[in-house]
Amino acid sequence: MEAEKEDVKDRSETDRELSELEQENERLRKENELLKEYKASLPLKERIYDRIPLSVKQMDWIILALLGLLAGVVGLGLLDR
């Protein structure tokens, strides 16, 4: 009799834990969907920056340096004519 009561108590606790986990899982699914929608709404520049593990400032400096290098190559090409 005592063992049956313990078993019922354990089952109810397990069911409650499963219910809480299912609720948490559903909340995380909704949060993930909202995050996907947010990321899709970002401009292209920001989406590219999210894929590269550098700060925005560092990326801007790298892009600026590459544009300067490109301008220098084009300039040297025009001088060589």
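No hydrogens, no waters, no symmetry mates; every other heavy atom, side chains included, goes into these values.
Taking CG from Leu28 and CG from Leu35, the interatomic distance works out to 11.5 Å, rounded to the nearest 0.5 Å. Rounding to the nearest 0.5 Å places OG of Ser19 at 12.0 Å from CD of Glu24. In this structure, CZ in Arg16 is found 11.5 Å from CG in Leu18, a value given to the nearest 0.5 Å. Atom CG in Asn32 sits 10.5 Å away from atom CG in Asn25 (nearest 0.5 Å). Remark: Glu17 CD to Glu22 CD distance equals 12.0 Å, nearest 0.5 Å.
At least one side-chain heavy atom of Val56 sits under 4.5 Å from a side-chain heavy atom of Asp60. Within the 4.5 Å cutoff, side-chain heavy atoms of Leu67 are placed close to those of Ile63.
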Stepwise side chain to side chain contact (heavy atoms under 4.5 Å, CB included) check, Leu66 with Leu70:
CA-CA 6 Å; Leu66 290 173; Leu70 179 64; over 6 Å; no
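Across all non-hydrogen atoms, the minimal contact from Arg47 to Lys39 is CD-O, 3.4 Å. Among all heavy-atom pairs drawn from Leu54 and Met59, the shortest one is CD1-SD, 3.7 Å.
Classification of Glu26 and Arg29 as a salt-bridged pair holds, one side-chain N sitting under 4.0 Å from a carboxylate O. Under 4.0 Å is where a charged nitrogen must lie from a carboxylate oxygen, and between Arg27 and Glu31 at least one such pair does.
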